[in-house]
Each structure stands twice: as C-alpha cells, then as structure tokens.
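Data first, discussion second: the structure below is written as structure tokens.
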Amino acid sequence: MTEEEKGPETKFSRREFIKCSALLGGTLLAGQLGWATDLVRRAEAGLLSPEEEYELAKAENILHTVCLQCNTGCGIKVKLFRKNGQAVAAKIDGNPYNPFVLFPHLPFKTSPAEAVEIDAAICPKGQSGLQTAYDPYRITKVLKRAGKRGENKWQSISFDQAIDEIVNGGNLFKDIPGEESRKVEGLKDICTLRDPDLFQRMAFDIKDISKKKTPEEKKAAVEDFKKKYAGELHYLIDPDHPDFGPRNNQLLYMWGRKKAGRSEFSARFFGGTMGTTNRHGHTTVCQGSLYFSGKAMSEQYTEGTFKDGQKFYWQADCEGAEFILFVGANLLDANYGPPNRTPRLISKKFAVVDPRFSKLASKAWKYLPVNPGEDGALAMGMLQWIIKHKRYNESYLIF
Ligand code: SF4
C-alpha cells in the first residue's frame with residue numbers, strides 16, 4: 001500500500017474510535033446532550049461552520065456501518081464530530097462502498113481517505129437515524145414496573161439488577177399493594193430441562209405419540225410415556241400433554257425483523273441454550289402471503305396435480321424488466337429500500353395502479369387510480385383480456 005493509499009496519518013487508536021462510536025448508542029451524558037443536539041440541528045439545517053464541516057470530511061471521523069431504521073439494512077457512513085475526547089454523530093449518508101446505495105459502488109480497494117469525499121444517497125428515514133439515536137425520550141435504561149399494572153409508574157434499575165431478577169425471579173414486586181407475596185419465576189425456574197440426551201429421547205417418544213391415529217391410541221401412548229418418564233415428568237409443562245414439551249417452552253422469544261448473523265445468534269441462545277422451541281418472528285404472519293404464494297408458484301405438475309413447491313421467496317427481476325406494473329407497491333417509499341431500487345428502476349417504463357396518487361405515480365408512464373379493494377377485479381379483467389386476445393405465450397404454457 002502506498003503512502004497515498006494509506007490516507008492521512010492519525011493518532012486515533014481503534015480503542016478510542018470504538019469508545020467514541022459507542023456514543024451513537026445514545027449514551028451521551030446529560031451535560032453533553034445540549035452540545036450534541038445543537039450540533040445535529042445545525043448539521044441538518046446545513047449551518048455548520050467550515051471548520052466543523054472539515055472535521056466531518058476526515059476519514060478517521062467516519063464510521064461505516066449499517067442502517068437499521070428498516071429491514072433493508074443499507075450501508076451507511078456516520079460522520080462523527082469530536083470535541084474534548086467525546087464524539088457525536090452529526091450526519092448520516094450512504095456508504096459508497098455498499099452496492100445497495102451506490103450503483104456502481106466504489107471498488108473495495110478505494111482508500112477511506114478517498115471515499116470520504118463521496119456520499120451515496122439514502123432515504124429520509126435512514127437520515128433520521130440521528131433523531132432515533134439522540135431522541136431525549138429514547139429509553140436507554142431498564143425500566144421496572146413500580147405501580148399496579150396500567151398505573152404507568154416505573155423505576156429505572158441497573159442492568160445487573162435486571163439480569164439478576166430475570167434469571168432468578170423472586171418477590172420482585174413486594175412493594176406494590178396486592179403483590180407483596182407474589183413470587184415471580186425466573187428463567188432458571190423455567191429452563192429446567194438441560195440434559196440434551198433426555199431432551200432427545202423425550203422428543204423421539206413424543207413424536208411417536210403424535211403418529212397415533214385414534215384418541216384411544218393416543219391416550220394409551222401418553223400413559224406409556226408417563227410410566228417411562230415417571231421421574232422426569234416435572235420437566236414438562238403438562239404431563240398429560242407431553243406434546244407441549246418441557247417447561248423451557250414457556251420462554252417465548254418474539255422479535256421484529258432480523259437477518260443473518262443476528263438470527264443465528266438468537267437461535268443458538270434461545271434454542272440451543274435455553275431450550276425453547278417458541279421462537280416467533282412477526283414475519284411469520286405478515287409476510288406469510290408472499291412465502292406461500294411463492295411456494296405455490298414453484299409447485300410442479302406431477303401425477304395430475306400441482307405439488308411439492310420448493311421455493312418460498314421470490315423476487316422479481318425488476319432490473320432486467322422491460323416494463324413494470326406497480327400495484328399498490330411504492331418504489332420511492334418502501335419495497336426493500338428506496339436507496340437500492342430507485343436509482344436502478346426509476347428510468348424504466350412503468351405504470352402504477354394505486355388509489356392514491358403517490359410520488360411513484362407522478363413518475364409513471366400511466367397511472368390507474370383503482371378504488372380500494374378493486375385491484376382483484378382489475379387483475380381478473382386483465383386475465384380475461386389476455387385470454388380473449390390470445391396475448392399469452394402459448395408455447396410456454398404448453399411447455
Ligand atoms: S431504506 Fe432507508 S431506512 Fe431502510 S435501511 Fe435503507 S436508508 Fe435505512
């Protein structure tokens with residue numbers, strides 16, 4: 001690497017950099033908050049002094065990371081402003097090395113000193129990450145209920161205390177009238193089955209019970225199971241329903257959105273370590289229609305019927321399309337990230353079907369304002385027209 005490629009020399013150590021970067025997590029002390037919010041406000045308004053702007057254009061003041069303001073995960077560069085050993089994030093832009101936000105992206109061998117001058121575009125929600133980080137109402141401490149449910153009374157406790165109470169349970173609300181003697185179970189009371197061999201043997205026998213056809217056969221199989229595991233039934237949620245599994249399953253883990261990396265970590269922790277099968281993401285519900293229609297689309301015609309769909313997740317090749325019909329979808333507001341798709345698709349020929357005259361509709365070749373709930377009728381009308389005018393690819397349909 002040449003001296004030029006190395007960029008300007010800095011005495012800033014990695015440890016110091018991470019220390020400053022940690023401030024992005026909203027851990028600014030109260031005394032620093034005024035300085036930070038003033039700087040962020042002026043940065044957003046374009047009112048930084050030349051000296052401040054110069055600081056933001058130094059490679060060592062850039063943190064390349066990932067925006068998590070939505071599920072797209074665009075690459076971002078966070079510009080840090082430093083003062084008296086402290087740092088504040090003053091501006092967020094697109095990371096020019098990242099193919100999601102710059103098309104084509106910078107070659108990875110480009111030095112940070114060079115890349116610092118190139119800002120890729122991200123959406124306004126991504127830029128508002130600053131407001132999320134420095135929101136004065138952002139919860140950065142553990143809050144514990146300090147009144148009856150619904151009274152909205154809270155106290156902040158330390159992370160150490162929170163972990164201790166979550167793991168060990170106890171008389172956690174003894175100061176609240178009516179809950180003086182209520183014992184709350186901790187994770188250690190729930191995640192009691194820890195023997196992987198017993199886990200496996202029980203699971204095997206429970207699977208066997210589920211294969212029994214009649215209620216009588218099932219009942220007899222449950223009795224046999226109870227006899228076989230007489231000394232271990234306390235591990236189960238309900239010995240008469242071994243299919244509920246061990247008490248470990250009473251730990252429910254629900255998440256919003258997460259992708260590779262975080263999902264493996266949580267599967268290992270909640271599944272492999274805590275032993276619960278109750279791990280549910282919200283995607284299971286809201287994106288189910290996409291997954292199951294994708295599966296249906298990949299079914300094969302076998303022995304007189306369609307079956308064995310393999311592919312759950314389909315994404316259209318919009319970039320290679322000659323014409324796009326957007327129905328209810330909005331390229332400029334959503335759909336896996338405006339920074340990624342908008343620059344690739346906005347110059348294509350497309351039509352928009354939407355009851356609302358969206359920003360995308362304003363750029364469309366044709367705009368069709370259907371009434372809410374009538375898009376199904378539109379699709380049927382299109383099908384009928386295609387069949388009537390033989391505008392389908394016959395050789396493709398017949399194989
Ligand atoms: S689309 Fe916008 S909000 Fe979502 S990750 Fe990208 S920059 Fe952030």
Side-chain angles (χ1 to χ4, degrees), residues 68 70-71 73 139-145 149 154 157-174 179 182-212 218-219 221-292 295 312-313:
L68 289 179
C70 85
N71 188 41
I139 297 172
T140 56
K141 294 176 179 163
V142 181
L143 294 185
K144 179 180 172 186
R145 181 162 61 84
R149 282 183 191 273
W154 305 92
I157 58 172
S158 69
F159 277 94
D160 284 346
Q161 184 184 340
I163 289 171
D164 179 57
E165 293 189 1
I166 291 167
V167 172
N168 296 313
N171 286 96
L172 304 183
F173 301 99
K174 61 181 185 310
E179 297 187 65
R182 185 165 81 88
K183 164 123 178 20
V184 179
E185 286 190 330
L187 291 184
K188 77 168 179 23
D189 303 306
I190 296 172
C191 301
T192 47
L193 179 50
R194 297 178 191 186
D195 176 353
D197 181 53
L198 181 58
F199 240 117
Q200 257 183 352
R201 283 188 287 122
M202 279 185 155
F204 185 79
D205 288 338
I206 289 167
K207 211 171 184 179
D208 238 21
I209 297 172
S210 69
K211 286 182 192 154
K212 302 294 177 207
K218 276 193 199 295
K219 204 168 170 194
V222 170
E223 290 309 317
D224 288 346
F225 179 92
K226 283 164 65 176
K227 266 186 220 141
K228 183 171 176 183
Y229 294 100
E232 279 105 17
L233 294 179
H234 59 285
Y235 289 125
L236 298 180
I237 292 174
D238 181 351
D240 289 323
H241 281 280
D243 51 324
F244 290 167
R247 297 194 63 214
N248 305 46
N249 283 344
Q250 289 179 312
L251 171 62
L252 167 64
Y253 169 52
M254 285 185 83
W255 64 90
R257 284 275 198 174
K258 70 178 166 10
K259 293 268 164 148
R262 288 184 293 159
S263 38
E264 282 77 11
F265 180 78
S266 61
R268 177 82 191 246
F269 180 74
F270 288 97
T273 309
M274 308 307 285
T276 176
T277 194
N278 277 324
R279 310 189 300 271
H280 307 285
H282 92 286
T283 309
T284 318
V285 178
C286 93
Q287 217 171 11
S289 52
L290 170 63
Y291 290 147
F292 291 104
K295 182 173 183 292
F312 272 75
Y313 196 77

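Predicted model only: the values in this text are computed from it and were never measured.
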Between CZ on residue Phe173 and CG on residue Asn171, distance to nearest 0.5 Å: 11.0 Å
Nearest non-hydrogen partners of Met274 and Asn248, listed with the distance: O-ND2, 3.0 Å
Set of side-chain contact (heavy atoms from CB on, under 4.5 Å) partners for Thr277, sequence neighbours left out: Asn249
Audit row: Glu179, Arg145, salt bridge (Lys or Arg N to Asp or Glu O under 4.0 Å) steps and yes/no: CA-CA 12 Å; Glu179 297 187 65; Arg145 181 162 61 84; 2.9 Å; yes
Contacts of Lys226 that satisfy side-chain contact (heavy atoms from CB on, under 4.5 Å) - sequence neighbours left out: Val222, Glu223, Leu233, Asp240
CZ-NZ distance between Phe204 and Lys207, expressed to the nearest 0.5 angstrom: 8.5 Å
Side-chain heavy atoms of Phe225 within contact of Asp208, under 4.5 Å: no
Exceeds 12 heavy-atom contacts within 6.0 angstrom, atom CZ of Arg182: yes
Tyr229 and Asp205 side chains, donor-acceptor separation under 3.5 Å: yes
Which atom of Thr276 lies closest to which atom of Asn278, heavy atoms considered: OG1-N, 3.0 Å
Straight-line distance of Gln200 CD to Asp195 CG, nearest 0.5 Å: 10.0 Å
Minimum heavy-atom distance between Leu193 and Phe199, given as atom pair plus value: O-CE1, 3.3 Å
Crowding at NZ, Lys183 (>12 non-hydrogen neighbours, <6.0 Å): yes
Other residues, nucleotides, ligands: >12 heavy atoms within 6.0 Å of Lys144 NZ: yes
Residue Glu264 excluded, over 12 heavy atoms near CD under 6.0 Å: yes
Residues in side-chain contact (heavy atoms from CB on, under 4.5 Å) contact with Lys212, at least two apart in sequence or another chain: Glu217, Lys218, Ala221
Nearest-0.5 Å distance that lies between atom OG in Ser266 and atom OH in Tyr253: 4.0 Å
Point-to-point distance, once rounded to the nearest 0.5 Å, from CZ of Phe270 to CG of Leu251: 6.0 Å
Stepwise side chain to side chain contact (heavy atoms under 4.5 Å, CB included) test for Phe244 and Leu236: CA-CA 8 Å; Phe244 290 167; Leu236 298 180; over 6 Å; no
From NZ (Lys141) to CD1 (Ile157), nearest 0.5 Å: 12.0 Å
Close side-chain approach of Glu185 to Arg247, heavy-atom, < 4.5 Å: yes
Heavy-atom side-chain contact between Ile209 and Asp243 under 4.5 Å: no
Tyr235 to Leu198 - nearest heavy-atom pair and separation: CE1-CD2, 3.8 Å
